[in-house]
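Here is the structure we will look at, set down as structure tokens.
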Amino acid sequence: MGQTFAEKILAKKAGLTSTSPGEIVEVAPDVALSHDNSAAIKAIFEQMGGEQVRDPEMHAIFLDHAAPAPTTQHAENHRVIREFVREQGIAHFFDVGRGICHQVLVEEGLALPGEIVLGSDSHTPHAGVMGAFGAGIGRSEMASVWALGRLWLRVPESLQVVVRGELPVGVTAKDLALHVVGELGADGALYLSVEWHGETIQNFSLSERAVLPNISAEMGAKNSYLLPDRVVFNYLETRAKRTYEPVYPDSDAEYSRYVEFQAEELEPMVACPHTVDNVRPLSEVAGTRVDQAFIGTCTNGRLEDLASAAQQLAGRKVARGTRLIVIPASSEVFKEALDAGYIDTFLQAGALLQSPGCGPCMGNHLGVPAEGEVTISTANRNFRGRMGTKESEIYLANPAVVAASAVAGEIRAAADLN
Amino acid sequence: MSTIKGRVWKYGDNVNTDVIFPGKYTYTVSDPAEMPKYALEDLDVRFASKVQPGDVIVAGKNWGCGSSREQAVTCLKESGVGAIIAESFARIYYRNCLNAALPALTSVEAVRAIRYETAKGSRSTLGRESFGVEKIRSRFRPSPRRSWGYSKPEAWWPTRANAFRRRANVPDCLDAGRWNRCGGHASRQDRLGPA
């Protein structure tokens with residue numbers, strides 16, 4: 001019988017010929033990522049009696065969640081991490097300003113097809129955009145990985161999502177992702193390995209594709225996989241840090257669930273407060289006042305996202321009484337956006353630019369809303385209090401809609417689409 | 001048989017880690033002993049001041065979804081919460097419970113049987129292989145045999161579970177390393193195991 005991607009890759013990495021759902025295997029990740037939480041992980045590591053990180057080559061540490069440090073406490077946290085990185089000889093370290101871990105992992109050629117990425121961050125499934133098995137783990141578990149270089153995983157059942165056809169103009173991968181989360185629900189992929197199949201997916205650019213595994217975390221997925229193809233291989237040609245061997249599911253693999261979506265039927269979608277699966281068509285919430293618009297994050301902070309926002313903002317101004325915050329997902333994106341003139345467009349429109357990182361996404365800094373304020377954002381989470389203020393509302397949408405809403409001062413469909 | 005006794009706090013579906021332990025505290029509150037102050041801050045303002053050691057949280061589907069932050073488990077563990085019973089758990093949250101030796105039990109029927117009105121302030125008992133709340137009893141199915149056989153001495157890292165166990169007087173069987181072998185996690189309804 002055929003095997004799914006998850007069954008196959010976990011068997012391969014565990015040195016078995018096959019695995020089946022429910023089986024517990026022990027694997028060594030090819031990459032283990034952590035971020036500002038590395039200081040807390042270090043404390044656990046030491047509490048466990050850990051002295052030496054077993055395989056410093058395996059680890060990638062990013063300072064992105066509160067970067068640059070907004071308070072002395074955050075700065076102390078960063079200092080501890082920098083010292084640890086130096087003492088332990090951690091091979092891959094990216095200091096404040098380089099960007100968001102999930103984006104930078106891809107840019108640095110560290111997330112590779114057929115590899116396993118474990119991260120002490122819930123959006124680690126993002127690495128599936130490259131055909132990797134990415135799964136989030138806790139801090140204690142990451143401390144264990146530092147010490148032992150491996151971790152147990154349960155082989156998950158798999159969900160096959162097939163998307164056919166071509167998206168209408170103005171409908172993006174973000175709208176598709178929100179639609180799927182809305183349809184399947186916040187636990188629609190709980191414990192599952194999600195596999196995205198279909199020509200719609202394969203026709204997406206790498207940037208568009210990345211939205212899908214990124215948001216899969218919002219329906220409980222363990223990992224989320226896209227079939228690596230020429231688009232991925234070309235991107236990696238000059239970037240890959242290691243040789244790699246893609247892993248593909250067998251055509252006769254068994255899935256615990258199968259769902260199919262028709263791209264032509266989709267429209268721009270918005271996730272409404274206070275859950276990501278509270279998804280409604282944009283037309284139903286158009287006209288809602290917004291105090292703040294935020295373009296960025298690991299979900300939609302890439303060059304194509306900034307391009308589509310800039311298209312909306314060219315020759316226009318952010319509405320009086322509304323703020324627009326733009327944060328490129330990485331320094332590479334920032335540089336490219338600068339070269340392409342998008343940054344100039346943002347500034348002329350009255351937007352404010354911040355240094356690459358997670359920004360206000362989880363309420364640390366750089367754009368925390370006041371009580372009663374409404375934010376529209378390109379992020380992946382809109383939970384109550386997520387951006388630091390309990391009594392505020394967050395809507396999630398694609399970058400063009402967020403930019404158009406900033407101009408209108410209320411939720412609005414993107415204009416002049418072609 | 002070990003039992004945990006305590007009052008029940010009943011919550012709904014898809015309670016996320018942002019409301020259990022807000023993200024704005026993730027890099028400013030690092031001492032576990034400080035964390036109970038912020039427990040469930042954006043979900044239930046009464047909780048932090050009213051919770052008592054041994055209280056049990058009973059929740060719907062997908063408890064602990066969202067961020068992987070371990071403080072969302074630690075803050076409850078340090079609050080003295082004796083166990084969480086849910087229809088299902090988000091996977092990272094479940095793994096974090098395991099490592100903190102905070103019993104996380106999946107039982108759809110138990111959760112549905114405990115209504116908020118009747119459960120408020122009531123006492124529940126939670127045992128190693130069975131628990132009773134009013135007239136409801138349920139037996140937990142042991143984990144698949146394979147996961148028992150998996151255990152190698154060095155594979156179960158001596159986690160903080162031991163320290164937690166001493167502090168909170170959690171029964172031996174709920175030790176992180178042996179938790180699977182105690183067969184705590186699977187209910188009859190929930191075919192999908194966690195993690």
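Here is the naming used below: chain letters follow the sequence lines, and residue numbers restart at 1 for every chain.
Considering every non-hydrogen atom in both N99(B) and E141(A), the closest pair reads ND2-CG, 3.1 Å. Taking every heavy atom of both residues into account, G138(A) and E70(B) meet most closely at C-OE1, 3.3 Å. Scanning both residues, Y191(A) and F89(B), for their nearest heavy atoms gives OH-O, 2.8 Å.
The shortest side-chain heavy-atom distance between S122(A) and I92(B) falls under the 4.5 Å cut-off. Side-chain contact between D187(A) and E87(B) is absent, with no heavy atoms from C-beta onward closer than 4.5 Å.
For a residue to count as touching a neighbouring chain, one of its non-hydrogen atoms must lie under 4.5 Å from one of that chain's; by this rule N37(A) touches chain B with backbone and side chain alike. In this structure, chain A has heavy atoms under 4.5 Å from both the backbone and the side chain of D42(B). A40(A) does not touch chain B: none of its heavy atoms, backbone or side chain, sits under 4.5 Å away.
Remark: E373(A) CD is packed, more than 12 non-hydrogen atoms of other residues, nucleotides or ligands lying under 6.0 Å away.
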Could you go through residues 21-28 of chain B and list every donor-acceptor pair under 3.5 Å that involves a side-chain atom there, pairing it with any protein atom two or more places apart or in another chain?
from   : atom 1 : to      : atom 2 : distance (Å)
K24(B) : NZ     : G388(A) : O      : 3.0
Y25(B) : OH     : E41(B)  : OE1    : 3.2
Y25(B) : OH     : E41(B)  : OE2    : 2.8
T26(B) : OG1    : G23(B)  : O      : 2.7
Y27(B) : OH     : H35(A)  : ND1    : 3.4

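The distance from atom OG1 of T74(B) to atom CD1 of I44(A), rounded to the nearest 0.5 Å, is 7.0 Å. Atom NE2 of H274(A) sits about 12.0 Å away from atom CG of D18(B), to the nearest 0.5 Å. Interatomic distance, CZ of R95(B) versus CD1 of I137(A), reported as 7.0 Å (0.5 Å rounding).
Applying the ring-ring contact (aromatic ring centres under 6.0 Å, His included) rule to F294(A) yields no partners; only residues at least two apart in sequence or on another chain are considered. For R79(A), the side-chain hydrogen bond (donor to acceptor under 3.5 Å, both in side chains) partners at least two apart in sequence or on another chain are E76(A), E83(A).
Scanning residues 60-69 of chain B against chain A with a 4.5 Å non-hydrogen threshold yields K61(B), N62(B), G66(B), S67(B), S68(B), R69(B), sorted by number.
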Quiz prompt | Verdict with supporting geometry, V45(B) and K390(A), side chain to side chain contact (heavy atoms under 4.5 Å, CB included) | solution = CA-CA 11 Å; V45(B) 289; K390(A) 183 183 176 185; 3.9 Å; yes
